[in-house]
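Here is the structure we will look at.
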Amino acid sequence: VAWNTAINLTAVREPADLARRHVVDSLAGVVLLQSLAIRDFVDLGSGGGFPGIPLAVALGTERGLLVDSVGKKARFLEAAVDVAGLAGRVAVAATRAEALAHDAAQRGGWPGVTARAVAPLAELMELAMPLLSPGGSLVAWKGAALEGDLAAAVRAAAGLGSGPPEVVAAPVPGASGHRLVVVRKVAPTPPGYPRDPARRRRQPW
Ligand code: SAH
């Protein structure tokens with residue numbers, strides 16, 4: 001709430017609303033991630049730390065990475081990681097997901113990738129599949145209008161080494177339209193992915 005007056009982290013201003021719409025919504029993924037045996041993960045486009053920070057606390061994450069391309073958001077994330085008691089276990093990268101996914105030290109090294117309100121599902125798959133280890137999963141927080149998103153994701157899947165997207169109802173009271181989508185990495189991702197944003201715009205899935 002204090003940082004939100006200086007940098008725009010969320011349009012939600014009221015603490016109880018923040019708790020419900022951001023913290024509880026983030027925690028909606030805990031049981032699913034546990035069922036996928038994911039404790040360590042990268043949160044792409046973490047912004048105000050959602051869903052990454054609540055998840056890291058709840059899952060007991062040993063190795064986490066919160067990614068945001070905007071430097072001042074990354075600085076907020078570093079402060080939030082500290083006060084949440086996650087220092088030394090969760091790191092922050094002020095970088096674009098595209099650059100991270102082409103970094104040999106990160107590529108193929110993660111059992112899980114999460115993302116909420118960052119990009120259409122096919123684009124998230126293009127960013128996440130390269131980061132995942134074989135058998136790892138992307139878990140994306142999505143709203144109600146999902147059909148167009150899913151159609152493109154189905155077209156994208158085979159070329160990226162991913163299985164088909166699976167939609168799971170998110171068990172959040174008061175957010176019945178929210179869904180979680182799981183996409184599993186089933187084969188290696190070709191080295192040309194992710195493409196840069198301009199090429200993704202010219203050739204959408
Ligand atoms: N996940 C948070 C924030 C969503 S807003 C939440 O649900 O509340 C989207 C965030 O993703 C922004 O902070 C933006 O800076 C970041 N972002 C968008 N595209 C990105 C990319 N390609 N790489 C890294 N961060 C990105």
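Each ligand, and each atom within it, is numbered from 1 in the order the structure gives.
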Worksheet item: Taking the side chain from T189 and the backbone from L160, do they hold a donor-acceptor pair closer than 3.5 Å?
Response: yes
Response to the item:
ligand 1 to R96, heavy atom cutoff 4.0 Å, flagged ligand atoms 22 (N), 23 (N), 24 (C)
Worksheet item: For atom 18 (C) of ligand 1, what's the nearest protein heavy atom and its distance?
Response: V118 CG1, 4.0 Å
Worksheet item: Under the 3.5 angstrom rule, does the side chain of K73 hit a backbone N or O of D68 as a donor-acceptor pair?
Response: no
Worksheet item: Considering only heavy atoms, which of S26, P51, A93, G45 lies nearest to atom 17 (N) of ligand 1?
Response: G45
Discussion item. Within the 4.0 Å heavy-atom shell around E98, which atoms of ligand 1 are there?
Written reply: 22 (N)
Discussion item. Quick test of your reading: applying side chain to side chain donor-acceptor pair (under 3.5 Å), list the pairs with at least one residue in residues 41-65, sequence neighbours left out, ordered by first then second residue.
Written reply: D43-S46, D43-T114
Worksheet entry | Side-chain H-bond candidate by donor/acceptor type, R116 with H22, under 3.5 Å | yes
Worksheet item: Nearest non-hydrogen atom to atom 9 (C) of ligand 1 belongs to which of G47, A74, A117?
Response: A117
Worksheet item: Identify the closest protein heavy atom to atom 21 (C) of ligand 1: which residue and atom is it, and at what distance?
Response: A97 N, 3.8 Å
Worksheet, complete the sentence: So the atoms of ligand 1 within less than 4.0 Å of a heavy atom of S69 turn out to be 15 (O), 24 (C), 25 (N), 26 (C)
Worksheet item: Contact between T95 and ligand 1, counting heavy atoms under 4.0 Å?
Response: yes
Worksheet entry | Test: D17 and R20 ion pair at under 4.0 Å | yes
Worksheet entry | Protein residue, atom and distance nearest to atom 2 (C) of ligand 1, heavy-atom basis | F50 O, 3.2 Å
Worksheet item: V70 heavy atoms, cut-off 4.0 Å: which ligand 1 atoms fall inside?
Response: 15 (O)
Item to complete: Could you check whether the rings of Y193 and W205 sit parallel, tilted or perpendicular, using 30° and 60° as the cut-offs?
Response: tilted
Item to complete: Output the list of atoms in ligand 1 that are nearer than 4.0 Å to some heavy atom of S46, sorted by atom number.
Response: 1 (N), 2 (C), 3 (C)
Practice prompt. Kindly identify the option in V12, D68, L127 whose heavy atom sits closest to atom 15 (O) of ligand 1.
Written response: D68
Fill in: Contact atoms of ligand 1, heavy-atom distance to R116 under 4.0 Å
1 (N), 2 (C), 4 (C), 6 (C), 7 (O), 8 (O)
Practice prompt. Show which atoms of ligand 1 fall inside a sub-4.0 Å distance from at least one heavy-atom site of K73.
Written response: 12 (C), 13 (O)
